[in-house]
Amino acid sequence: MTDEWKSGQSILTDGDRIAEVGVEVTEPEGASVIDLTDCQVTPGLIDAHMHMDYFDWHTIREEVYSQSEEAKALAVARCAEKALRRGFTTVRHVGGITSNSYGVLDVKRAIEKGYLKGARIVAAPMFLCSSGSHGDLSQGFAQNPGLSSMLQNQRSTLGSGKDFFVHAVREQVKYGSDFLKIMATGGFFTPNDTPIQQQLNDEELGAIIATAHEWGKTVTAHVYTNELMQKLIDLGIDGMEHGSLMNRETAARIEEKGIYLVPTFSPYEEAVHYDPEEIKKKQPEFRRKLELYKDALQAGREVICHSHIRLGYGTDFVANHQNYESGYEYEAWIRSGMSSFAALRAATATNAWILQRSGEIGTIEAGKAADIAAWSRDLMTDPKALLDCRFVMKGGEVYRTESCL
């Protein structure tokens, strides 16, 4: 993928594949012609950090315990369809926020078989976490220990000890998880923990990574602090999510090891580009932590943006946009000084590599899936361009688009 726009190109698709790309493409007899000459054309985009299992971010906390697992699977299906209609033909689900089941895998398979319309899904159904951690949403009921304990026990990948997590990894793989996700530190969204806490011990982390690799799966980690990022590097982690508090020393080690990072800029925008009025729109604990860590988040953003880390494009929308409105992350990249091509490369070729699908998606070339998106707004000058998809094709089929604006 080159950092330039190519003019005068034609794309010939045959079934669900791209057959030919170039300036002089012979039009087969009876071919259907779609004119996108007034648009900028990209591969179908990829969001590498989504939580698909809720309907509305304003009610996400209530949905954790008020919705059935069947309803949460419906939320996944809705998210997949709406993401597709916004130009994102592939999405990566990095663990359920509200769900404690494998419904995302059922939706994934239904889409693959053509029973449902939606973006193709790469999924880790549940994240591996500990009691009271960022992955334990029962911490909101901590003043009622009996209730909190009962709710905690509903999450089958929440536990303690090396043996528990070895079994949890094997079980996730058994049921069809594409990769493993660790909740290694606390976070911003949950009420009683902080982003600087290590929430799985070294032995537990090592057991998860080693077992996943034995079973041929990659591992990514929700992580913020330099100390824990350094540990994860030593333990052989494949990728990281967020990394928002990193320093240059950590970035250099990530670069050296070829580890990817999905930095999810958008959830921290109000702190990085300080806007106290926007911060007020988030949940109380999120507001408090953004104010507390805003200087560190600003410094970490500088490090990430000036690094040579292999960066993926992911949104992590649980507190400021709907989970399918993936185009908002583009504006965060541009506001942070990243080039348009850097963001587009992250959302296409780099994300395809992160998802281990480089041979299938991520670029427009012969033999790959016919995943194509087109945009009326100028992607080079308009930070909101990815919010307004003009045309989308996935696997050779054209879908009606929806705008986020």
**Asked** Cation-pi between Arg78 and Phe55: NZ/CZ under 6.0 Å from ring centre and within 45° of the ring axis?
**Response** no
**Asked** Just checking, any donor-acceptor pair under 3.5 angstrom between side chains of Asp53 and Ser99?
**Response** yes
**Asked** If you take all heavy atoms of Phe265 and Ile304, which pair is closest and at what distance?
**Response** CZ-CG2, 3.9 Å
**Message:** Looking at Asn351 and Ala346, would you say the former's side chain and the latter's main chain have a donor-acceptor pair under 3.5 Å?
**Reply:** yes
**Item:** Ring center gap for Phe188 and Tyr224 short of 6.0 angstrom
**Value:** yes
**Item:** Beyond-backbone contact of His167 with Arg170, side-chain heavy atoms, under 4.5 angstrom
**Value:** no
**Message:** Checking Gln198 against Lys231: is there a side-chain donor and acceptor pair closer than 3.5 Å?
**Reply:** yes
**Asked** Should Thr264 and Glu329 be marked as a side chain to side chain donor-acceptor pair (under 3.5 Å) after you check the CA-CA gap, both sets of side-chain angles, and the distance that decides it?
**Response** CA-CA 7 Å; Thr264 64; Glu329 179 73 3; over 6 Å; no
**Message:** Has Thr401 got a side-chain atom pairing as donor or acceptor with Cys389's backbone, closer than 3.5 angstrom?
**Reply:** yes
**Item:** Heavy-atom pair of closest approach, residues Gln139 and Ser133
**Value:** NE2-O, 2.8 Å
**Request:** Kindly indicate whether the side chain of Tyr260, heavy atoms from C-beta on, has any atom under 4.5 Å from the side chain of Glu241.
**Result:** yes
**Request:** Check whether any side-chain N or O of Thr13 sits under 3.5 Å from a backbone N or O of Ala370 as a donor-acceptor pair, and report yes or no.
**Result:** no
**Prompt:** Has Lys282 got its NZ or CZ under 6.0 Å from the middle of the six-membered ring of Phe286, at an angle within 45 degrees of the ring axis?
**Reply:** yes
**Prompt:** Okay, side chain of Glu278, backbone of Asp275: is any donor-acceptor separation there less than 3.5 Å?
**Reply:** no
**Prompt:** Are any of the side-chain heavy atoms of Asp378 and Gln40 separated by less than 4.5 Å?
**Reply:** yes
**Asked** Less than 4.0 Å between a side-chain N and a carboxylate O, is that true for Glu302 and Arg248?
**Response** no
**Nearest heavy-atom neighbours spanning Ile237 and Ala221** = CD1-CB, 4.1 Å
**Prompt:** Is Thr220 reaching over with its side chain to a backbone N or O of Gly239, donor-acceptor style, under 3.5 angstrom?
**Reply:** yes
**Prompt:** Can you check whether Thr315 reaches Tyr328 side chain to side chain, under 4.5 Å on heavy atoms?
**Reply:** no
**Prompt:** Is the backbone of Glu331 close enough, under 3.5 Å, to the side chain of Lys384 for a donor and an acceptor to pair up by distance?
**Reply:** no
**Asked** Between Arg92 and Met50, is any pair of side-chain heavy atoms under 4.5 Å apart?
**Response** no
**Straight-line distance of Leu147 CG to Phe141 CZ, nearest 0.5 Å** = 6.0 Å
**Request:** Without swapping roles, check the side chain of Glu20 against the backbone of Ile11 for a donor-acceptor pair under 3.5 Å.
**Result:** no
**Asked** How long is the span from the CE atom in Met393 to the CD1 atom in Ile18, to the nearest 0.5 Å?
**Response** 9.0 Å
**Prompt:** Does atom CG of Asp14 have more than 12 heavy-atom neighbours from other groups under 6.0 Å away?
**Reply:** no
**Request:** Decide yes or no on salt bridge (Lys or Arg N to Asp or Glu O under 4.0 Å) for Glu291 and Lys280, but give the supporting numbers first.
**Result:** CA-CA 10 Å; Glu291 292 282 2; Lys280 288 179 182 178; over 6 Å; no
**Prompt:** With distance as the sole criterion, is a donor-acceptor pair present between the side chains of Tyr268 and Glu270 under 3.5 Å?
**Reply:** no
**Note: Glu81-Arg400 ion pair, threshold 4.0 Å (strictly below)** = no
**Prompt:** Can the ring centroids of Trp57 and Phe317 be said to lie less than 6.0 angstrom from one another?
**Reply:** no
**Message:** Would you compute the distance between atom CD1 of Ile209 and atom CG of Leu128 and round it to the nearest 0.5 angstrom?
**Reply:** 10.5 Å
**Message:** Under a 3.5 Å distance rule, please check whether Lys289 uses its side chain to pair with a backbone N or O of Gly187 as donor and acceptor.
**Reply:** yes
**Prompt:** What distance separates Leu387 CG from Cys404 SG, expressed to the nearest 0.5 Å?
**Reply:** 5.0 Å
**Request:** Locate the shortest heavy-atom distance separating Pro43 from Ile364; write the atom from each residue and the value.
**Result:** N-CD1, 3.6 Å
**Exercise: do Thr59 and Glu63 side chains pair donor with acceptor under 3.5 Å** = yes
**Item:** Row check, Tyr330 ring normal vs Arg335 NZ/CZ: under 6.0 Å, within 45°
**Value:** no
**Message:** A cation-pi test, strictly: NZ or CZ of Lys117 under 6.0 Å from the centre of the six-membered ring of Tyr399 and no more than 45 degrees from its axis. Yes or no?
**Reply:** no
**Message:** Less than 4.5 Å apart, side chain to side chain, heavy atoms only: is that true for Val262 and Tyr313?
**Reply:** no
**Message:** Treating Thr211 as the side-chain partner and Ala207 as the backbone partner, does any N or O pair qualify as donor plus acceptor under 3.5 Å?
**Reply:** yes
**Request:** Give the intermediate values and the outcome of side chain to side chain donor-acceptor pair (under 3.5 Å) for residues Arg120 and Thr90.
**Result:** CA-CA 5 Å; Arg120 67 175 58 79; Thr90 303; 3.0 Å; yes
**Message:** Show, in sequence, the C-alpha distance, side-chain angles and deciding distance for Thr218 and Asp238, and conclude whether the side chain to side chain donor-acceptor pair (under 3.5 Å) test is met.
**Reply:** CA-CA 6 Å; Thr218 60; Asp238 300 287; 4.8 Å; no
**Message:** Using 0.5 Å steps for rounding, measure from the CE atom of Met240 to the CD1 atom of Ile309.
**Reply:** 8.5 Å
**Asked** Without hydrogens or angle criteria, can the side chains of Arg301 and Ser336 be said to hold a donor-acceptor pair below 3.5 Å?
**Response** yes
**Request:** State whether the number of non-hydrogen atoms from other residues, nucleotides or ligands found under 6.0 Å of Glu112 atom CD is greater than 12.
**Result:** yes
**Request:** Measure the CE-CG distance between Met380 and Leu344 for me, rounded to the nearest 0.5 Å.
**Result:** 5.5 Å
**Request:** Report yes if the distance between the aromatic ring centroids of His51 and His49 is under 6.0 Å, otherwise no.
**Result:** yes
**Message:** Would Arg61 and Phe189 count as a cation-pi pair here, with the cationic atom under 6.0 angstrom from the ring centre and within 45° of the axis?
**Reply:** yes
**Item:** Passing candidate, side-chain hydrogen bond (donor to acceptor under 3.5 Å, both in side chains) with Asp178, options Lys217, Gln172, Lys108, Gln356
**Value:** Lys108
**Request:** Answer yes or no: is there a donor N or O on one side and an acceptor on the other, between the side chain of Lys82 and the main chain of Ala77, under 3.5 Å?
**Result:** no
**Prompt:** If you measure only the distance, is there a donor-acceptor pair under 3.5 Å linking the side chains of Asn226 and Glu249?
**Reply:** no
**Prompt:** So, for Gly314 and Asp47, which heavy atoms are closest and what is the spacing to 0.1 Å?
**Reply:** CA-OD1, 3.3 Å
**Asked** Do Ile46 and Phe88 touch side chain to side chain, with heavy atoms closer than 4.5 Å?
**Response** no
**Message:** Between Arg155 and Asp136, does any NZ, NE, NH1 or NH2 come within less than 4.0 Å of an OD or OE carboxylate oxygen?
**Reply:** no
**Prompt:** Below 4.5 Å, heavy atoms only, C-beta onward: do Val64 and Gln154 meet side chain to side chain?
**Reply:** no
**Modelled atom types, side-chain donor and acceptor of Glu365 and Thr363, under 3.5 Å** = yes
**Asked** Would you find more than 12 non-hydrogen atoms of other residues, nucleotides or ligands less than 6.0 Å from Glu4 atom CD?
**Response** yes
**Asked** Would Glu402 and Arg86 pass as an ion pair if we require N to O under 4.0 Å?
**Response** yes
**Prompt:** Gln283 and Glu285: side-chain donor and acceptor closer than 3.5 Å?
**Reply:** no
**Message:** Under a 4.0 Å threshold between the charged nitrogen and the carboxylate oxygen, would Arg390 count as salt-bridged to Asp38?
**Reply:** yes
**Request:** Under the side-chain contact (heavy atoms from CB on, under 4.5 Å) rule, collect the residues that match up with Ser160, sequence neighbours excluded.
**Result:** Glu204
